[in-house]
There are 2 protein chains.
Amino acid sequence: MRSTSRTETFPAHTPAASQIFTTVLSHGPLTRLEAARRAGLSAAAVTKAVRPLLADGYLVEAADEGARPALGRPASLVRVDGGRALFIGVKVTGGELIGVLTDLCCRIRLARRVPLTDRATRAVLASTAELAHELLVEAEDFGAPVLGLGVAVSGEVDRAEGAVRYSPFLDWRDVPLAELAATTTGLPVTVENDVRALTVAEQWFGAGAGLSDFAVVTVGAGIGCGLVVNGRVVAGAHGVAGEIGHVTVDPAGPPCHCGNRGCVEAIAGEAAIVSRIREATGIPVADATEAVRLAHQGVAGVREVYARAGEAIGRGIATVANLLGPERVIISGEGLAAYDLFAEQIRDAFTAAAFGSAARCDVQTRPLPFEEWARGAAATAIQSFISSDHPHLSR
Amino acid sequence: MRSTSRTETFPAHTPAASQIFTTVLSHGPLTRLEAARRAGLSAAAVTKAVRPLLADGYLVEAADEGARPALGRPASLVRVDGGRALFIGVKVTGGELIGVLTDLCCRIRLARRVPLTDRATRAVLASTAELAHELLVEAEDFGAPVLGLGVAVSGEVDRAEGAVRYSPFLDWRDVPLAELAATTTGLPVTVENDVRALTVAEQWFGAGAGLSDFAVVTVGAGIGCGLVVNGRVVAGAHGVAGEIGHVTVDPAGPPCHCGNRGCVEAIAGEAAIVSRIREATGIPVADATEAVRLAHQGVAGVREVYARAGEAIGRGIATVANLLGPERVIISGEGLAAYDLFAEQIRDAFTAAAFGSAARCDVQTRPLPFEEWARGAAATAIQSFISSDHPHLSR
DNA sequence: TTCTTTCATTGACAGCGGAAAATAAGAGCC
DNA sequence: GGCTCTTATTTTCCGCTGTCAATGAAAGAA
């Protein structure tokens, strides 16, 4: 038995097999017949695809709990064996790294946060490697190999090349992050834009499961958007996509750091809200938390700032709905802490600006901590693993 | 030899074969090796896919003209035999039907326009059938069978079902147009949204050829948008997509017929421009043609209206670019007659509002007459034919 | 003529996924 | 318990696709 697990590969190279695996991963324990139906294949195909996956332990037979129909042979359930393998996901924010160790089912087993004082590539890389090593050591207790590392970074990311093209937040340009992280951690590395990583997690396990067209809108320091069209995450021709934060909703609006005026982010981003509240009240508000507190205390003028932010977000969502016709829009991000302050305005602005059947789009909120973003990064690593498509291996 | 050609089917049912056919259709005469490269297949696969298509006359060997490399066996070219089959495309506008007879290469052989006085379903259907019959009769001269009819209608269209869900322009709701037209014409019918049909034509033969992410923006009575993401035309979950005309670019802007304010269409649609010029000048401008003339005559206040329209269009395009990151945006539509009046504003507004690498998107104009939209309708019929996927046959 | 180069074709072959038949595993009934 | 009915899963072919490696074909060059 070889000791290195680095070269472990997934025993299902056909599109159909990895699609069946993904279906089972995403839709919990399934009977083979149900999996066949969902994947649009024959039952025989499922049996054949499942066999090697069972043999290698990636899938296991699940206990058949719950009511069974009175008639016929009882179905046997198949599910992914989470304990079979582990993955690490890291989300890089301006101030800290959020790392999670997940199992093959992408369930979070451990979570760690480490502060980040220096945003230079070398420093972030060193911290990431340290965090990954820490999780690798702890992973030994779980008795399963760690098969990949996913890193989620805001900005323009070229996932295929594993490179960060441009991250305004970190002030990085053309950093071959996957390659660098692979050499320092010894793991296969996948790099993806942070919102797209979160979108993958939602597509597999969250409110986007089973949908072929949906959007994830993240509200917080920045305002971002992950799009799924025809079942695929949209990456854009130049690595840019989903920049809902820089959709103009009011040409007479406040200037944005991007150089334009009236972007959603310039009205509803945390920095914008805080500075707008300062202007309106004269109170030296420090951060978003304090801003929310002031709003709840009923300080005059604060609620209006949130109302305007909600309107901007609602318009941005309507724009997405008008252009792409998604089935659902999932609102998430730290900014949801203030959701009660602008829920109504989001909904009203969306309804007013959504055109025709686009208004039938289901807009819902999901509070997701940063650990969920890191989980999304792990999900991209799992994607790379099951598609046996690791552009950047450890050597 | 059977006389009925209605049941003629395409002899390539595999995805690979129809992909190779589409590649040859779209990229002109190709060597087999070149076709293999473009389709991502082996040369052997091309040889095998091409053989039955040659046998049935859909493809032919093309004369090898032009410079050949000095060395090696000269390549033999393959191209689609346009004369092998014919298709009819019809674009329905508020005032007329535009019909074209195209060959299998989707080259327009004949074009006809008939006025439309009544927009009721029955009347439009009768006129469409009449137009189709006229073209069918003329088609006999070409000695090739007519294998399909494509109809392009503005509004929400369910292509798979062949139904018009809602067309505000025609005031139709849930009209099973494909079924109705199939029974009156005896042809397999494909129904598609008009802008998406035009987008298919651009994807195959126009400025979108070879691109996996681009957008077509149509400027005219309405402002529409066809989107191609990951190589596929976006249809949206509810049949709505690409409603750039109802993207809000100025919440303080004029009211739109959709009930909202400041939509692109409410600023840059023909009706909006005309009425805005009337307000500004007091001249009872009748239509867009007259409006353009006034602008060119330098009547005070008219150019400003166009400038504002250009700004709105540029912002709308920037919104598309920010959300989807297309490689190219193609501006077309009757409104291009006025393009010199707002080209600068479109470009400036786009550049100002495009975020990061989204600004690298190539924005270009293509004047395309309505016949080109009808050709797009024919292209959708060809699509249905080669994918052997006719939801609505003649019986 | 013979060699070289490049394009195209052929034939063997592996593997996928489907259809249909066979098998498995209950539950109910006698 | 044995039989039957029903539904889930597996097995057994079987056709088909696309690849590989080898071969053929069609030039120009030596």
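Here is the naming used below: chain letters follow the sequence lines, and residue numbers restart at 1 for every chain.
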Counting only side-chain heavy atoms from C-beta out, which of [options] sits nearest to [X]?
{"X": "A/Arg51", "options": "C/dA8, D/dT19, D/dT11", "result": "D/dT11"}
{"X": "A/Arg32", "options": "D/dT9, C/dC7, C/dT9", "result": "D/dT9"}
{"X": "A/Ala45", "options": "C/dG18, C/dA8, C/dT5", "result": "C/dG18"}
{"X": "A/Ala43", "options": "C/dC7, D/dT19, D/dT10", "result": "D/dT10"}
{"X": "A/Ala16", "options": "C/dG17, C/dG18, C/dC7", "result": "C/dG17"}
{"X": "A/Pro74", "options": "D/dT10, C/dG26, C/dT9", "result": "C/dG26"}
{"X": "A/Ser42", "options": "C/dG18, D/dT9, C/dG17", "result": "C/dG18"}

Whole-Å distance separating the [atom1] atom of [X] from the [atom2] atom of [N]:
{"X": "B/Leu33", "N": "D/dA25", "atom1": "CG", "atom2": "P", "answer": "18 Å"}
{"X": "A/Leu41", "N": "C/dA19", "atom1": "CG", "atom2": "C1'", "answer": "14 Å"}
{"X": "B/Leu71", "N": "D/dA25", "atom1": "CG", "atom2": "P", "answer": "19 Å"}
{"X": "B/Leu77", "N": "D/dA27", "atom1": "CG", "atom2": "P", "answer": "13 Å"}
{"X": "B/Glu61", "N": "C/dC7", "atom1": "CD", "atom2": "C1'", "answer": "12 Å"}
{"X": "B/Gln19", "N": "D/dT17", "atom1": "CD", "atom2": "P", "answer": "15 Å"}
{"X": "A/Arg37", "N": "D/dT9", "atom1": "CZ", "atom2": "P", "answer": "13 Å"}

* Where do B/Ala144 and B/Gly83 come nearest, in terms of heavy atoms and distance? -> CB-O, 3.2 Å

* Asked: When we call it a touch if two heavy atoms are under 4.0 Å apart, what does A/Thr47 touch: a base, just sugar-phosphate, or nothing?
  ->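 Here A/Thr47 touches the bases of the nucleic acid.
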
* Asked: Base, sugar-phosphate, or nothing for B/Ala44, non-hydrogen atoms under 4.0 angstrom?
  ->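 Contact class for B/Ala44: base.
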
* Can you find a donor-acceptor pair, distance only, under 3.5 Å between A/Lys48 side chain and C/dG18 base? ->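 A donor-acceptor contact between them is present.
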
* Asked: So, is B/Arg73 close to the D/dG24 phosphate, meaning a side-chain N or O under 4.0 Å from OP1 or OP2?
  ->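 Checking B/Arg73 against D/dG24: no side-chain N or O falls below 4.0 Å of OP1 or OP2.
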
If we only count heavy atoms from C-beta on, is the [X] to [Y] side-chain gap below 4.5 Å?
{"X": "A/Ser384", "Y": "A/Arg159", "value": "yes"}
{"X": "A/Val189", "Y": "A/Val151", "value": "yes"}
{"X": "A/Asp103", "Y": "A/Phe142", "value": "no"}

* Quick one: sort the A/Phe385 and A/Tyr58 rings into parallel, tilted or perpendicular, breaks at 30° and 60°. =>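 Tilted, since the angle between the ring planes falls between 30° and 60°.
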
